[in-house]
Structure formats: C-alpha cells, structure tokens
Amino acid sequence: MRRWLEEQEAQHGIDHLTARSRQLVLGGYIVLLALLALSGLTMEADNSSLTPVLIRTLPLVLFLPSILGKRPRGHAWLAFVSLLYFVQGVMVATLPGQGLLGGAEALAALALFTGCMFYARFRSRQLKLQHANP
C-alpha cells in the first residue's frame with residue numbers, strides 16, 4: 001500500500017492528491033451529516049425534541065474546526081470516529097425497512113474514513129515539503 005501511495009504521489013503530485021482527498025472528505029462529511037440528521041428526525045421520539053439529531057450529529061460537528069482549518073491530525077481522529085458511524089450504519093441496515101438508510105450511512109462513513117486517511121497522509125507530507133523548501 002505504501003509503495004502504491006508513493007507511486008500515486010509521483011504520478012499525480014502531492015497537491016493534486018491532497019485536493020482530491022479533501023473533496024472526498026467534504027463530500028462524505030456533508031452526506032453523512034445530512035443522513036444522520038434525517039435519521040434523527042425520523043426516529044419515533046417526541047416530535048418536538050431535537051435530542052436524537054443532536055446526539056447523532058454532535059460528534060461530527062465537533063470536528064468542523066479541524067476540517068475548516070485543514071489540520072491533518074484532526075482528520076486522522078475524524079477517520080477513527082467515522083468508523084463508529086460505519087458500524088452504526090451497518091447495524092441500522094439490518095433493521096427491517098431501514099436497509100437503504102443504513103447502507104447509505106455506512107457508505108458515507110466509509111467515504112469519509114477513506115478521504116480522511118488519505119488527506120491526513122497527503123496534507124502532512126505536503127506541509128513537510130513546504131517547510132523543507134521555503
């Protein structure tokens with residue numbers, strides 16, 4: 001895997017790969033946040049309460065400063081948190097009538113995980129190159 005990533009860096013350039021992985025992070029983040037809000041709103045709880053939505057989305061919202069600040073370490077931690085959402089999506093997909101929503105949540109979490117891991121790698125290498133060559 002490491003050799004493949006290094007080949008990709010040599011072929012496409014670190015700036016291009018960083019930008020593409022950031023697009024994947026933003027796309028996965030927005031889709032996952034929307035799906036979590038949707039599933040929180042459709043829960044069979046008190047309709048006037050936003051508690052299910054907050055419980056589902058708050059961990060993702062806490063990573064918003066890291067995403068906006070383009071910090072590689074924050075993206076690495078977000079990748080680990082996204083795995084929890086992946087597991088939740090798989091579990092929801094096994095419930096009767098929830099297969100589509102759970103599957104979409106699992107796919108969005110997987111896209112977010114992949115994008116975060118690639119972004120953390122490429123951005124940290126990009127920053128090292130910028131500091132080495134001022």
Side-chain angles (χ1 to χ4, degrees):
M1 180 75 166
R2 183 177 182 177
R3 186 172 52 179
W4 179 79
L5 287 171
E6 290 171 354
E7 288 172 1
Q8 293 299 312
E9 288 176 17
Q11 183 179 6
H12 298 289
I14 194 77
D15 294 333
H16 175 74
L17 293 173
T18 303
R20 293 296 302 259
S21 59
R22 177 143 174 88
Q23 290 173 350
L24 186 58
V25 168
L26 293 175
Y29 184 83
I30 291 168
V31 169
L32 184 59
L33 202 59
L35 287 170
L36 291 170
L38 177 68
S39 67
L41 289 172
T42 60
M43 288 186 74
E44 296 179 21
D46 182 20
N47 289 338
S48 64
S49 174
L50 290 177
T51 304
V53 175
L54 290 175
I55 289 173
R56 290 172 180 261
T57 59
L58 187 60
L60 279 183
V61 172
L62 292 175
F63 283 97
L64 195 56
S66 291
I67 291 174
L68 295 177
K70 300 179 180 180
R71 293 191 289 268
R73 187 174 296 197
H75 282 78
W77 280 105
L78 179 57
F80 294 125
V81 171
S82 70
L83 290 177
L84 297 173
Y85 286 109
F86 174 76
V87 171
Q88 176 182 311
V90 170
M91 290 176 56
V92 169
T94 63
L95 297 174
Q98 298 291 320
L100 187 61
L101 184 62
E105 185 179 325
L107 286 175
L110 188 61
L112 180 61
F113 171 78
T114 306
C116 283
M117 289 307 293
F118 283 141
Y119 184 80
R121 176 188 169 86
F122 296 138
R123 180 67 176 156
S124 63
R125 290 177 66 94
Q126 185 182 45
L127 290 173
K128 284 181 186 177
L129 289 174
Q130 286 176 355
H131 290 325
N133 301 325

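Heavy atoms only: backbone and side chains are in, while hydrogens, waters and symmetry mates are out.
Scanning all heavy atoms of the two residues, the minimum distance from Ala108 to Val31 falls at CB-CG1, 3.8 Å. Among all heavy-atom pairs drawn from Val92 and Gln98, the shortest one is O-CB, 3.3 Å. When all heavy atoms of Leu24 and Ala111 are compared, the pair lying nearest together is CG-O, 3.6 Å. Of all non-hydrogen atoms in His75 and Ser66, the two that sit nearest each other are CE1-O, 3.5 Å. Heavy-atom minimum distance, Ala109 versus Ser82: CB-O, 3.5 Å.
Using a 4.5 Å heavy-atom cutoff, the side chains of Pro65 and Arg71 are in contact. Taking the side chain as every heavy atom from C-beta outward, Leu54 and Val61 never approach each other to under 4.5 Å. Annotation: side chain of Tyr29 is in contact with side chain of Leu64 (closest heavy-atom distance under 4.5 Å). Proximity of Gln88 to Met91: side-chain heavy atoms (C-beta onward) are nowhere separated by under 4.5 Å. Residues Tyr85 and Leu60 form a side-chain contact, since some pair of their non-hydrogen atoms from C-beta on lies under 4.5 Å apart. At a threshold of 4.5 Å between non-hydrogen side-chain atoms, the residues Arg123 and Arg22 do not count as touching. Val81 places none of its side-chain heavy atoms less than 4.5 Å from the side chain of Leu62.
One distance of note links CZ of Arg20 with CD of Gln8; it measures 11.0 Å at 0.5 Å rounding. Between atom OG1 of residue Thr57 and atom CG of residue Leu32 there is a gap of 10.0 Å, rounded to the nearest 0.5 Å. Note that the CG atom of Leu101 and the CG atom of Leu36 stand 8.5 Å from one another [nearest 0.5 Å]. Atom CD of Gln126 is separated from atom OH of Tyr119 by 7.0 Å, given to the nearest 0.5 angstrom. To the nearest 0.5 Å, atom CZ of residue Phe118 and atom OG1 of residue Thr18 are 12.0 Å apart. In this structure, Leu110 CG and Leu83 CG are separated by 8.5 Å, a value rounded to the nearest 0.5 Å.
Hydrophobic clustering (ILVMFWY, side-chain heavy atoms < 4.5 Å, transitive): Leu68 and Leu78 are in one cluster. When hydrophobic clusters are built by joining Ile, Leu, Val, Met, Phe, Trp and Tyr residues whose side-chain heavy atoms come closer than 4.5 Å, directly or via intermediates, Phe113 is not grouped with Leu26. Cluster membership check: Phe122 does not share its hydrophobic cluster with Val25, using side-chain heavy-atom separations under 4.5 Å among Ile, Leu, Val, Met, Phe, Trp and Tyr. Put simply, Phe63 and Leu112 are part of the same group of oily side chains (I, L, V, M, F, W, Y) that touch within less than 4.5 Å, one to the next.
Surrounding CG of Leu95 are more than 12 heavy atoms belonging to other residues, nucleotides or ligands, all under 6.0 Å away.
Between Trp77 and Phe80, the ring planes lie perpendicular to each other; the angle is over 60°, past the 30° to 60° tilted range.
The backbone N or O of Pro72 sits nowhere less than 3.5 Å from a side-chain atom of Arg121 that would complete a donor-acceptor pair.
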